[in-house]
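Contents: one structure, followed by commentary.
Computed over heavy atoms, backbone and side chain alike; hydrogens, waters and symmetry mates excluded. As the structure is a prediction and not an experimental result, all values here were calculated from the model.
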Amino acid sequence: PPRSTQSRSSAASDVYKRQEGEEGVDGEQADGEESESSDEEEEEKAEEGGQKTSKDAVSKEEKFLEMEREKLLAVDYGVYKRGLYVRLDVTGIKFKHYKALRPEIPLILARINPGEDQMGMMRVKLKKHRWYTNVLKTNDPLIMSIGWRRYQTLPIYALEDQNNRLRMVKYTPQHDFCLGVFYGNFVPQYTGVIGFQTIREGLAKFRVAATGSVLELNHSYNLVKKLKLVGEPLKVAKNTAFVKGMFNSELEVAKFEGASIKTVSGVRGQIKKAVKEGPPGTFRATFEDKILMSDIVFCRTWVNVQPERFYNPVLTVEPSRLMMTHWELRKRKGVENVQSYDSQYKEINREPKAFAPLMVPKNIQENLPFKSLEKLKGRTMLDKVLATERSIPTKALMSEQERVAYSLIQRLHTIRNERKRMKTAKESEKKATNEARNQGKKENYEKIARERKARKFSRKRVKVD
């Protein structure tokens, strides 16, 4: 059986005492020799060379004993020099691990810094490797290699907003860093991190999934994800409306009193109190403007997300049982990835909405400028009457005599319209003829004026000659 630390220290102290005793005996003998040599100093002057040689031998022996004493003390305090054989006592090893040890594979003994044996949450800065083809998903198992340890965990990916809020994201960004929070052993800050989704041999793709470094260690982190609550108006009265379908009870409404809400059209509002009218969870809300019954009301909230405390060490001496990803589970069990109907993109066909005409009070119309009055000018009474008459199916309601009279009136209207058309055409033709005549008269007048001027100039020339 291995020797304990206490027995080892006691044995080392016994050796030390024994060496001290031997050294004391040697010292007494040396003192006796020195006294004898002092008494016979005058008689043995010729033997001084031999005495010097014996003193050198004694000093070498003392140095050797001092070195051996230092070695024993160093071993007693746990300091071993390179090249020494040591025996280790390892406790807590299972028999199956002992059987899996192979002598051809060397074991590496490493020292763990104080505090690295504690477990907790780690916040790391991660980036998906550019050569890794897949996108990493939140809560998918990932093998982390950090320092001397390699274990499988369930990371949650997040982004940090401007207000230091850790907002969970479903997938890692394509070409940017993100934060990862997972459960594992504490390590010093800025320690390198490498992530793998699988370590199987014979894989025909790049296996390094992510790289990064440790930023912070803590026992918990406040991670949140976005949640939208949807409701619809039950009753609208000016800037106040009753909204239903967003909550299921009055207690839920009481928790969200004072929360901000918003409609699809951009009208902001606030939750007031629950009302008994309508289904359970109906509440009264006030808005900046009057909303429509067709509006949809949203309430943006944040829900806390807790990372899973999953820690699965990856062993080298024996095959480890690793957690599979969602894709591997579906592939093994033959389950297809059924897409939700609500998650698919659909073509939206909206019917054109018919808005009521703009009604402006008379006192406001009186103060409007003339240009605005023209825009607000509606149909006259005669136009309204004619439009009403056109909409009535007259022939279906007439008698035989009324139909004869109505056909006669239609023929008279046709004759009148034809005469009007002929008159308009004759007037346009007459107008064109008059314009041509006037143009000809103008040209003829200019011609006569030129001839008169020429004759007048010729007469003046004859008189001069």
Side-chain angles (χ1 to χ4, degrees), residues 119-128 132 134-142 144 152-184 193 195 197 209-210 212 214-232 243 245-249 251-264 266 268-271 281 283 285 296-311 323-330 337-345:
M119 305 287 289
M121 293 295 172
M122 301 171 58
R123 186 163 70 99
V124 301
K125 185 179 180 181
L126 283 177
K127 182 180 181 182
K128 186 186 80 68
Y132 195 71
N134 300 344
V135 179
L136 303 181
K137 185 180 178 181
T138 292
N139 279 331
D140 256 4
L142 199 66
M144 295 292 183
Q152 193 179 39
T153 184
L154 300 176
I156 291 181
Y157 305 111
L159 294 176
E160 189 172 5
D161 295 338
Q162 293 181 354
N163 55 356
N164 297 329
R165 177 174 53 204
L166 296 179
R167 176 170 51 88
M168 189 196 83
V169 293
K170 196 172 183 180
Y171 301 98
T172 55
Q174 190 68 22
H175 302 290
D176 197 5
F177 283 94
C178 68
L179 299 177
V181 179
F182 55 86
Y183 183 74
V193 178
Q197 275 197 333
V214 179
L215 294 181
E216 190 180 358
L217 310 172
N218 205 338
H219 290 284
S220 64
Y221 286 98
N222 187 19
L223 293 167
V224 294
K225 67 177 181 179
K226 189 164 55 175
L227 177 65
K228 271 189 177 182
L229 304 177
V230 184
E232 55 184 9
V243 182
M246 186 176 291
F247 304 107
N248 297 323
S249 63
L251 181 61
E252 293 182 0
V253 178
K255 291 181 179 180
F256 284 85
E257 284 185 4
S260 299
I261 55 179
K262 193 176 182 180
T263 64
V264 177
R268 295 174 297 183
Q270 190 180 23
I271 297 175
F283 61 91
I296 299 176
V297 184
F298 292 102
C299 180
R300 295 183 61 184
T301 58
W302 299 95
V303 181
N304 291 328
V305 180
Q306 293 297 333
E308 295 290 340
R309 293 179 175 267
F310 177 73
Y311 182 86
M323 181 184 289
M324 291 184 290
T325 62
H326 293 85
W327 177 81
E328 291 174 343
L329 286 173
R330 287 197 303 268
N337 187 14
V338 180
Q339 293 186 356
S340 176
Y341 177 76
D342 296 333
S343 300
Q344 298 177 0
Y345 290 99

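One distance of note links CZ of Arg123 with CD of Glu216; it measures 4.5 Å at 0.5 Å rounding. Between Leu227 atom CG and Thr301 atom OG1 the span is 4.0 Å, to the nearest 0.5 Å. Rounding to the nearest 0.5 angstrom, the gap separating the CG atom in Leu223 from the CZ atom in Arg167 is 12.0 Å. Atom CG in Leu142 sits 11.5 Å away from atom CG in Asn139 (nearest 0.5 Å). For the atom pair NZ (Lys228) and CD1 (Ile296), the distance works out to 10.5 Å, reported to the nearest 0.5 Å. Gln306 CD to Ile156 CD1: the interatomic distance, rounded to the nearest 0.5 Å, is 8.0 Å.
At least one side-chain heavy atom of Met323 sits less than 4.5 Å from a side-chain heavy atom of Leu154. At a threshold of 4.5 Å between non-hydrogen side-chain atoms, the residues Val214 and Val193 count as touching.
Shortest non-hydrogen contact noted between Tyr132 and Gln197 is OH-OE1, 2.6 Å. Here the closest heavy-atom approach between residue Cys178 and residue Tyr157 is recorded as SG-CD2, 4.1 Å. The two residues Asn134 and Lys128 have their closest heavy-atom pair at O-CD, 3.2 Å. For the residue pair Ala285 and Ile271, the shortest heavy atom distance occurs at CB-CA, 4.5 Å. In plain terms, the two heavy atoms of Pro141 and Gln152 that are nearest each other are CB-NE2, 3.5 Å. Residues Thr138 and Val169 share a closest heavy-atom pair of OG1-O, 2.6 Å.
No more than 12 heavy atoms of other residues, nucleotides or ligands sit less than 6.0 Å from atom CD of Gln339. Heavy atoms from other residues, nucleotides or ligands lying under 6.0 Å from CH2 of Trp302 number more than 12. Atom CZ of Arg330 has more than 12 neighbouring heavy atoms from other residues, nucleotides or ligands inside a 6.0 Å radius. Atom CZ of Arg300 has 12 or fewer heavy atoms from other residues, nucleotides or ligands within 6.0 Å. The environment of Lys125 atom NZ is sparse: at most 12 non-hydrogen atoms of other residues, nucleotides or ligands sit within 6.0 angstrom.
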What side-chain donor-acceptor pairs closer than 3.5 Å can you find for residues 256-263, not counting sequence neighbours?
unit_1	atom_1	unit_2	atom_2	d
Thr263	OG1	Ser265	OG	3.1
Thr263	OG1	Val267	N	3.0
Thr263	OG1	Val267	O	3.4

### Task
Apply the test side chain to side chain contact (heavy atoms under 4.5 Å, CB included) to residues Trp327 and Asp140: give CA-CA distance (whole Å), side-chain angles for both, the deciding distance (0.1 Å), then the verdict.
CA-CA 10 Å; Trp327 177 81; Asp140 256 4; over 6 Å; no

### Residues Met119, Tyr183; criterion side chain to side chain contact (heavy atoms under 4.5 Å, CB included); working and verdict
CA-CA 7 Å; Met119 305 287 289; Tyr183 183 74; 3.2 Å; yes

### Message
For a side chain to side chain contact (heavy atoms under 4.5 Å, CB included) check, start with the C-alpha distance between Phe298 and Val230, then their side-chain angles and the critical distance, and finish with the verdict.
### Response
CA-CA 5 Å; Phe298 292 102; Val230 184; 3.7 Å; yes

### Task
Please step through side chain to side chain contact (heavy atoms under 4.5 Å, CB included) for the pair Thr172 and Leu126, ending with a clear verdict.
CA-CA 9 Å; Thr172 55; Leu126 283 177; over 6 Å; no

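Listed by chain and number, the residues in a side chain to side chain donor-acceptor pair (under 3.5 Å) with Arg309 amount to none (sequence neighbours excluded).
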